Amino acid sequence: MTKMRVYEYAKKQNISSKDVITALQSMNVEVSNHMSTIDDHVIVKLDGKYKADKNETTKSISVKQREDHKTPMQKQENTNNTKPANPTKPAAKSGSKPFNQQGKSNNNRNNNNKKNFGNKKNNSSSNQRRPQGGAPVQPKKELPSKITFTGSLTVGELAGKLHKEPSEIIKKLFMLGVMATINQDLDKDSIELIAGEYGVEVEEVIVFDVTEFEGYATEDQEDQLQIRPPVVTIMGHVDHGKTTLLDSIRNTKVTAGEAGGITQHIGAYQVVVNNKKITFLDTPGHAAFTTMRARGAQVTDITILVVAADDGVMPQTVEAISHAKAAEVPIIVAVNKMDKESANPDRVMQELTEYGLVSEAWGGDTIFVPLSALSGDGIEELLEMILLVSEVEEWKANPNRAATGTVIEAQLDKGRGSVATLLVQNGTLRVGDSIVVGNTFGRVRAMVNDLGRRVKEVGPSTPVEITGLSDVPQAGDQFMVFTDEKKARQVGEARASKQLDEQRKEGAKLSLDDLFEQIKQGDIKDINLIVKADVQGSAEALAASLQKIDVEGVKVKIILTGVGAITESDIILASASNAIVIGFNVRPDGNAKRTADEEKVDIRLHRIIYKVIEEIEAAMKGMLDPEFEEKVIGQVEVRQTIKVSKIGTIAGSYVTDGKITRDSSIRVIRDGVVVFEGEVDVLKRFKDDVKEVAQNYECGITIKNFNDIKEGDIIEAYVMQEIERK
Ligand SMILES: Nc1nc2c(ncn2[C@@H]2O[C@H](COP(=O)(O)OP(=O)(O)OP(=O)(O)O)[C@@H](O)[C@H]2O)c(=O)[nH]1
């Protein structure tokens, strides 16, 4: 089914949106503004109308206007009806992802998110008619054939570029149902729409942001890529043996492979199995994993999920699964503690099927390796399985380029200054390289590997500890080597100052309020949700219903369902996956609230299932109900009460502050406690019904459904005011 927006149709027909809206209204099709969607049967009807009615006034006027103001060149161009080409950024190469794009947004998009008329309320402009005769005095300058912009333009700026008076642009916007001021920012669609009305071509110029690494990264050609070792993270429930497993792999493999090496804990290590390397991140647990991902770093290729055979699936096992799945990282299950008598691997297999991890033995595709981290039995098999998965996945990188990668950990060392363990993800890192790491920079002074040995250069998937940075970066920060030291300094400094700016601004996390805007801009294809509920049954029911929502091809993806309060870990997962958290009959705990504020994670709390569905659906359609805020307008003191049969209790009162109106909401406060909330029924001055009573005046009030009003009560009057959504 074809669908288009009103303004798209207007463009197609070369007429104004306003005319289309008028036509639609005459056809009894409900449309609110130029952003409204019309479907194909309406389109067919409209097509018919415009075909049959070629000389329809509105059309001839709008075409006439356009022709009048056009240069000969544009007149010619108009026949091509070309859309401006939009330069896009080079796509990151899939074989080697030096920088994760997730959660990143470039400046231009941020600008586009500013107020634009797509999300403005429609205004009642439907009575306005296009001026027919006596055109306003036009500026002398001719229309340009093409205009350029970056990010957005204000109405005034656009007018300047089009050599038009701002008032004319404002008028045009008004015709499209938009009230705009001269300083209002217009987004790309709006700029194209207005320029299109004059037949002027628009080109968006994307300015290269010096602080974004992506801009400097060159694409690797397929023939430059070579197989690189996999990077493995170990996750699992407390005490299931993560640390023991990491130690045991390192002890059996590292010392055997590299005689004389003294293991050094630098946050990651490499082992050699069958002449092939495997890199392990040394910080077990999903907290580190997810914190990194929240910072935009994806370093893990494979997750080893450790489950103790004598304990089975536990809460953190489930969390680890969600985290790995959210990051789309393959999972290998290590069924640990097989040496114990109480070990029951079948139970582990059984329990994990519930989370979609079905062992190969049972017809699934998840690799399960029974082992004992303590005795070392099964570790060899686990390592072989890791190699097997890597053979299938074929992770690649280009060793012959300047290095890029991620910070695994970093700290300030008394003697050596800033010390950071970097994981090289692409290219080769060398001593002496000029490097930007996160928001700091420097030259690689010395490099030490996981065996405590000094090294001169390291290739892809290798962890290495470096010194020489001017400041301490953070785990998860990305780094990039620059051939030019000056450039490194410049980029490092620019990034540092940008970070300061960003700290001041809000993070660009997903929120229901701007969901529609993001969907419209094509920025999101899935909406990630985390559902926490008081009981498993509701969590599942809610998740199932939410998954059925499908608005304009955008789907809801549930990345975690769980029972109990919303925890900090949920928030971190939400932040890393750009998800919204839904609490059904549950609340966030203190830490979760704080983290959600910091990470700008949107939490929605509900008590009724259909309300949740309704809200998400409305947000996706850009139809969220307006938000209201309470505004106290006045205070009234009850000085005397009179009981009247049939009417109830009349409160003889005195307005001590502000005013009270007949349509205000009220609360009755007795000794500081709210005893009733409701509405005014009748408001009188002497015998007359009045609309409002101002400060220092007496009045008589009755309250709807409340007769227990007492002398000395305070009546607080308030109204609900719509507040603009962010
Ligand atoms: N019998 C037996 N005990 C094991 C095995 N692996 C680990 N353990 C024991 O289980 C306990 C917990 O092991 P850890 O390696 O500290 O577990 P962990 O998952 O790292 O725990 P946290 O760091 O607290 O999350 C220790 O007492 C280990 O000795 C095993 O294969 N067999």
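Counting starts at 1 for both ligands and their atoms, in listed order. This one's a predicted model, so the numbers in the text were calculated from it and none came from an experiment.
- Considering backbone and side-chain N/O atoms, Asn336 comes within less than 3.5 Å of an N/O atom of ligand 1.
- Close approach of ligand 1 to Lys340 is summarised as follows: ligand atoms under 4.0 Å from at least one heavy atom of the residue are 1 (N).
- Proximity of a side-chain donor or acceptor of Ser390 to a complementary backbone N or O of Ile386 within less than 3.5 Å is detected.
- Using a 4.5 Å cut-off on side-chain heavy atoms (C-beta onward), Met349 and Val335 make no contact.
- Closest non-hydrogen pair, Leu387 versus Lys277, comes out as CD2-O, 4.5 Å.
- The ligand atoms of ligand 1 that sit less than 4.0 angstrom from a heavy atom of Asp239 are 10 (O), 12 (C), 17 (O), 18 (P), 19 (O), 21 (O), 22 (P), 24 (O), 25 (O).
- Heavy-atom neighbours of Glu328 CD from other residues, nucleotides or ligands within 6.0 Å: at or below the threshold of 12.
- Near Thr244, meaning under 4.0 Å from one of its heavy atoms, ligand 1 places the atoms 6 (N), 7 (C), 13 (O), 14 (P), 15 (O), 28 (C).
- Remark: ligand 1 and Leu371 share no N or O pair separated by less than 3.5 Å (distance only, no angle test).
- Evaluated by nearest non-hydrogen atom to atom 32 (N) of ligand 1, the leading choice among Ile379, Thr243, Asp339, Asp310 is Asp339.
- Inter-residue side-chain proximity for Asn400 and Gln224 is flagged as unmet; no heavy-atom pair is nearer than 4.5 Å.
- Of the listed options Lys337, His237, Met235, Lys242, Lys337 places a heavy atom closest to atom 4 (C) of ligand 1.
- Checking only distances, Val238 never comes within under 3.5 Å of ligand 1, N or O to N or O.
- Side-chain contact check for Leu245 versus Ile234: some heavy-atom pair is nearer than 4.5 Å.
- Put simply, CZ on Arg495 and OG1 on Thr440 are 10.5 Å apart, with the number rounded to the nearest 0.5 Å.
- Some N or O of Leu374 is nearer than 3.5 Å to an N or O of ligand 1, by distance alone.
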